[in-house]
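Notes for the one structure printed next.
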Amino acid sequence: MTEGGRWVGAPVPRKEDEALLTGHARFIDDMEPVPGLRHAALLRSPHAHADIVSVDISNAVSHPGVHGVVTGVDISAATRPIPSAVRVPIDYYPMAVDKVRYAGEPVALVAAEDRYVAEDALELIEVEYRPLPPVMDLDAAMDDDSPLLHEAVGSNVVHHRSFRYGDPETAFAEADRVVRLDWTFPRYSSTPMETYGAVAQFEPAPDRYTIWSNFQGPFILHALMCGALGVPGNRLRLITSPQSGGSFGIKQGMYPYMVLLAAASRLLGVPLKWIEDRLEHLVGSSAASNREDAVEAAFRNDGTLIGLKFLNVVDVGAFIRAPEPASVYRMHSASNGAYRVGNIYVDNRLVTTNRLPIGLNRGYGGPQFFFALERAMDAGARALGIDIAEIRRRNFIPRDSFPYRAPAGAIYDAGDYEAGLDRALELAGYEELRAGRDRARDEGRLFGIGMATAIEPSGSNMAYVTLAQTPEERARAGGRSGGLGTCTISVDPTGSVTVKTVSTPAGQGHATVAAQVAADALGLTPDDIDVVTEVDTLTGAWSLASGNYANRFSSVVIDAIGEAARLVADKVRAVAAEDLEVAAEDVELADGTARVVGVPEKALPFRRVAAKTHWHPAGLPDGMTPGIFETAIVSPPGLGPPDERDRVASAVTFGFICDLAAVEIDRGTGRVEVRKYVSVHDVGNVLNPLIVEGQILGGFAHGVGGALMEEMVYDEEGNPLSGTFADYLCVTAPEMPALTVGHVDTPSPHTALGAKGMGDGCSMLAPTAIANAVADALGREDVDPPFTLNRVWDLVADGGGAG
Amino acid sequence: MLRIKPGTRHRVTVTVNGRRHGGFAEARTLLSDFLRHELKLFGTHVGCEHGVCGACTVNIDGRAVRSCLRFAVQVDGAEIGTVEGLAEGGSLSPLQEAFRRHHALQCGFCTAGILISATQFLETNPDPTEDEVRDMLSGHICRCTGYEGMVRAILDVAGGSS
Amino acid sequence: MKPAPFEYCRADTLDEALELMAEFGSDASALAGGMSLGPMLNMRLARPAAVIDINPVESLAGIAADGGVLETGALCRQVDALASPLIAESVPLLAEALPFVGHFQTRNRGTLGGSVCHADPSAEIPLALVALGGEVVVQRKGRARTIAADDFFDGIFATAREPDELVTALRWPRATAGTGCAFDEIAQRQGDFAIAAVAAAATVDPDGGLSAVSLGLGGIEDRPVLADLSGFVGAPATAETAAGAAALAADRADPIEDPKASAAYRRQLVRVLGARALERAFDRAGAAPC
């Protein structure tokens with residue numbers, strides 16, 4: 001508990017931990033929810049781009065232990081294509097039908113008595129492919145004469161929109177200095193330790209599907225799955241496993257596989273279980289987008305940033321898979337970052353290539369966006385001879401300007417960016433750090449300092465992805481807005497409290513924080529409260545935005561929990577008031593009791609009062625409904641649709657992050673050693689400092705991995721070269737630099753508890769802060785992650801380090 | 001000499017966490033699958049099945065090893081320790097307690113293997129340096145925590161026992 | 001990701017193991033620690049008809065001194081080798097290389113013989129064996145032979161072992177007074193296979209001149225190789241000599257290219273790591289047997 005006697009804000013140890021530590025927590029592969037399961041394995045394309053000439057399944061079907069085989073042709077007959085917000089003629093089925101478009105794309109499914117036999121049978125399927133030229137290079141993919149992934153589209157550029165805010169042309173014309181960086185951002189993925197897994201069951205009369213999985217929806221994707229399977233929402237029941245072994249966005253990308261399994265269950269007449277293996281995951285799940293972008297920043301000589309141009313070329317992979325192109329638009333309405341700049345031009349081109357389709361990944365669009373903006377800030381500082389901290393200070397949105405309407409529509413709720421910067425400089429010992437850099441350079445060492453700041457949008461407006469459509473297209477499609485959060489709290493006849501959220505946590509401690517919030521409202525302890533985070537779309541309260549993404553727990557869901565708890569508290573107080581013979585306003589819930597304010601000895605046990613609503617309806621106050629089963633649906637403020645000038649309030653809260661990195665590069669080996677890393681966060685009011693710190697450390701690990709070693713590499717033929725965990729290099733304990741964390745927390749006026757979302761954290765900034773430090777160390781701006789040994793040594797050998 | 005033809009099932013008896021268990025396995029059945037799907041001990045998790053991630057680490061005859069790189073038929077008669085056996089008498093071990101205290105786990109999927117490794121590591125090296133702890137942890141992948149809480153937890157327990 | 005079907009054969013004695021090797025020949029894989037074979041089976045990259053489990057053959061697990069040679073059984077676990085005072089004293093290069101081999105958890109099971117048999121070009125144990133001029137003992141039913149390490153490794157995952165032969169022991173020349181050695185490597189992550197590994201050995205005369213010097217290279221070519229540094233015999237054991245020798249080794253190397261590293265970078269690593277390792281070996285040679 002905090003000193004103020006509240007659970008919210010205290011470092012409450014997690015409710016989730018004991019089951020996880022003792023091996024009793026249940027994950028999807030531990031579950032056998034229906035009898036008669038068969039086990040599925042997928043045959044995947046070895047080619048990046050090829051026509052499927054024929055698929056012969058006869059030997060596989062007759063293999064002992066095999067129940068049946070399903071091909072892409074079967075799936076295309078049993079489902080409808082999955083659409084996205086980009087209206088182009090792409091038929092996206094979860095299994096290749098007549099051609100394969102990435103190495104790893106599913107081509108056939110075998111159902112067998114166990115996974116071993118299913119894999120045996122995969123080897124008996126004979127597929128004849130006619131290889132097509134692979135499309136791997138983004139520039140070449142945009143050429144008129146490039147081979148096409150989707151002939152009907154007529155181009156590999158499946159989406160192209162430009163946006164203007166303010167007057168960017170004049171700003172660039174009047175600038176004293178324009179800095180341009182052409183940059184490449186690598187494709188990487190958060191690779192949760194638990195892979196995708198699902199059990200799908202089809203039942204006839206009427207047709208209905210139930211899918212148990214570690215999916216992190218339902219989100220808008222439930223509706224898309226219903227469309228693909230041709231059933232109304234009440235006949236596609238999604239149930240999540242009690243625990244999910246990490247996600248970071250990636251597990252949103254499994255919904256096409258859920259459609260595939262559901263359809264295959266129908267075709268084969270048995271429930272199917274599929275647990276993706278790690279090799280499948282690394283070629284067939286999802287990844288963040290790789291980019292070949294350019295950024296231009298227009299400065300005055302005093303460092304004032306007066307204009308920005310973002311020229312984005314995004315590799316979406318083989319299909320544009322919903323919710324894409326959201327990754328390109330998530331940051332769009334905050335394209336000014338933490339700065340006052342009002343003149344912004346954005347050009348987005350989305351290109352299909354023969355790579356795995358992209359999707360949600362930690363930081364979702366943030367790492368790429370801030371790479372452009374914050375690399376330009378450091379480069380601008382160097383070009384103008386201004387310190388990297390000072391140039392930011394001169395451009396920050398002032399602390400007295402909140403709420404701040406950004407040029408592209410975001411409404412920043414609260415912040416004090418300069419205080420965050422000051423805290424980072426203080427924690428870094430910035431003056432001494434700079435002096436150390438000078439000394440190192442005098443000794444001939446390669447030492448650099450880099451900085452990056454971010455605003456962290458949380459609690460997404462469901463409408464922002466419709467920026468991919470023109471205002472006219474949006475008008476035709478009908479209105480979209482909002483990002484509803486839901487929660488149900490019940491008190492059963494024994495007087496015990498259960499909180500149900502639809503936030504599909506994958507390790508973020510939602511149960512603990514939900515219990516803290518409810519405990520404060522009900523005068524109980526978190527241990528008194530049970531929290532159910534399993535989703536059941538048929539029996540629980542949920543809405544379009546429900547799920548786990550975009551930091552929505554502490555920016556939206558938490559308010560639904562608070563509201564549901566308030567409804568429960570009001571009812572308990574009203575019941576107690578009658579028994580205590582006082583007014584309801586005079587009753588408070590505290591210490592497990594309902595008691596008269598100021599007269600603590602006049603108290604009734606919470607459990608007894610609550611239980612009375614079940615046991616003795618006739619004894620309740622007039623007009624009160626019996627029982628306690630309160631559902632709250634909250635609609636975060638201000639999340640309207642995009643306006644005709646493409647401005648949209650894209651999120652509920654906007655945190656702030658200021659990262660500072662110091663690196664030293666070994667001239668001999670190219671090894672980048674992170675000597676210091678400081679990260680200051682504004683997460684609004686902290687709900688649980690233990691969990692906040694854990695999220696920051698975890699996001700940092702993803703950012704460090706992206707900066708230093710993680711990359712999904714393909715060769716020119718489209719063969720994945722990072723298809724095992726020996727080749728896709730997740731950062732391990734010895735590589736993790738020490739992280740110094742600081743806080744400058746400004747409460748959000750947009751949430752009841754003043755909290756902001758905060759899960760992306762340093763995953764958005766570490767690649768950029770480290771890149772800026774590498775650029776500083778080498779005295780050159782053409783540095784792109786990942787900063788692997790060989791890549792960095794090439795830069796050193798190429799004359800880097802002159803500065 | 002023992003020979004098990006492909007496709008036949010062989011009786012395997014092991015002691016897991018002090019209790020005798022029996023089940024059937026084919027020659028090719030991975031120990032990780034045998035523990036989970038034959039003995040229904042789901043606390044051991046599978047993360048990569050090629051020996052890199054460490055999620056499936058169990059203790060066999062005193063040593064922490066990958067259960068995805070062992071065939072079930074190889075462990076007939078062995079003493080196996082899994083995460084389910086770490087809390088004795090229903091109370092968390094000091095290491096489990098420290099993991100909780102230091103927020104050393106988030107999704108908890110990798111945790112079982114790490115606890116098994118760290119427990120045996122501390123038996124062989126009761127007072128490790130931070131570098132030694134990190135080196136031991138390099139045999140595991142965690143995607144949630146950045147490893148910091150684990151390092152603190154292991155050092156905390158080591159400090160307490162030395 | 002499950003292995004294809006195979007017959008499991010458990011050998012309880014060396015004779016049984018050799019019997020099985022004779023029966024299956026190239027259709028069999030001998031299973032020691034399984035740290036390399038296991039992933040290959042799980043990925044179905046290896047599809048032997050039979051897996052011959054030699055782990056119960058206790059006679060293959062020992063560590064024994066035999067005059068100027070230390071013999072380690074093929075089944076000697078890496079963790080046991082790492083803990084062996086005999087190895088620390090007699091084969092310090094191996095002792096220095098072992099912490100780089102995989103991880104705590106894989107060294108608990110992985111064997112010296114298995115690593116040599118697998119013949120990954122960047123593996124540490126084969127490099128140490130080549131660098132020290134060690135030998136591999138292989139046996140088939142009724143016959144044993146000893147192969148010089150330099151002749152044993154034929155290329156990536158390829159060795160001079162015949163299909164029906166079993167690697168039963170490794171023979172390591174014991175360190176002598178006046179000789180020093182050093183091991184180093186670089187990888188993107190701790191415990192990964194090395195991008196480049198070096199194993200230096202040198203003997204220094206009482207007057208500070210080199211009477212022998214060698215530099216083994218791992219991860220550079222398709223097998224562990226020994227750079228010819230005979231031209232440096234007689235040179236002073238100094239940092240300059242170390243740098244010169246490493247530079248020569250780098251220039252003469254014929255490095256592979258892969259997604260992790262270019263040939264030029266691998267040469268650079270030989271230069272940098274080689275110079276550091278040789279210098280350390282010189283120091284140690286001057287001090288005492290290391």
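Reminder, nothing fancy here: chain letters follow the sequence lines and each chain counts from 1.
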Options C:K2, C:M43, C:M40, C:R189, ranked by heavy-atom pairs under 4.5 Å with chain B, top entry: C:K2

C:L41 portion near chain B, given a 4.5 angstrom heavy-atom threshold: side chain

Option that, when pairs with chain C are counted at under 4.5 Å, heavy atom only, ranks first among B:H50, B:E26, B:R134: B:H50

Structural part of C:A4 lying under 4.5 Å from a heavy atom of chain B: backbone

Check: C:T106 side chain, C:G102 main-chain N or O, donor-acceptor pair, under 3.5 Å: no

Chain B contacts, top residue of C:V51, C:T13, C:L31, C:L37 (heavy-atom pairs, under 4.5 Å): C:L31

Note: C:E257-C:R266 ion pair, threshold 4.0 Å (strictly below): no

Ring centre gap for C:F6 and B:F71 strictly below 6.0 Å: yes

Check: B:K40 main-chain N/O paired with B:R36 side-chain donor or acceptor under 3.5 Å: no

Contact winner vs chain C - B:R70, B:R66, B:M136, heavy-atom pairs under 4.5 Å: B:R70

Side chain / backbone / both / neither for C:D192 at chain B, heavy atoms under 4.5 Å: neither

Part of C:M35 lying under 4.5 Å from any heavy atom of chain B: both

C:D164 side-chain N/O to C:M21 backbone N/O, donor-acceptor pair under 3.5 Å: no

Part of C:D53 lying under 4.5 Å from any heavy atom of chain B: side chain

Backbone of C:E16 reached by a side-chain donor or acceptor of C:E19 within 3.5 Å: no

Ring centroid separation C:F157 to C:H118 under 6.0 Å: yes

B:E49 side chain to B:C68 backbone, donor-acceptor under 3.5 Å: no

Contacting moiety of B:D135, where chain C heavy atoms sit under 4.5 Å: both

Heavy-atom pair count under 4.5 Å with chain C, highest-scoring of B:T8, B:I60, B:T57, B:V73: B:V73

Heavy-atom contact with chain B under 4.5 Å, split by part of C:I52: neither

Proximal component of B:T124, with respect to chain C [non-hydrogen, under 4.5 Å]: side chain

Atom group of C:M1 that falls short of 4.5 Å from chain B, counting heavy atoms: both

Expected output: side-chain C:E96 to main-chain C:F183 donor-acceptor under 3.5 Å: yes

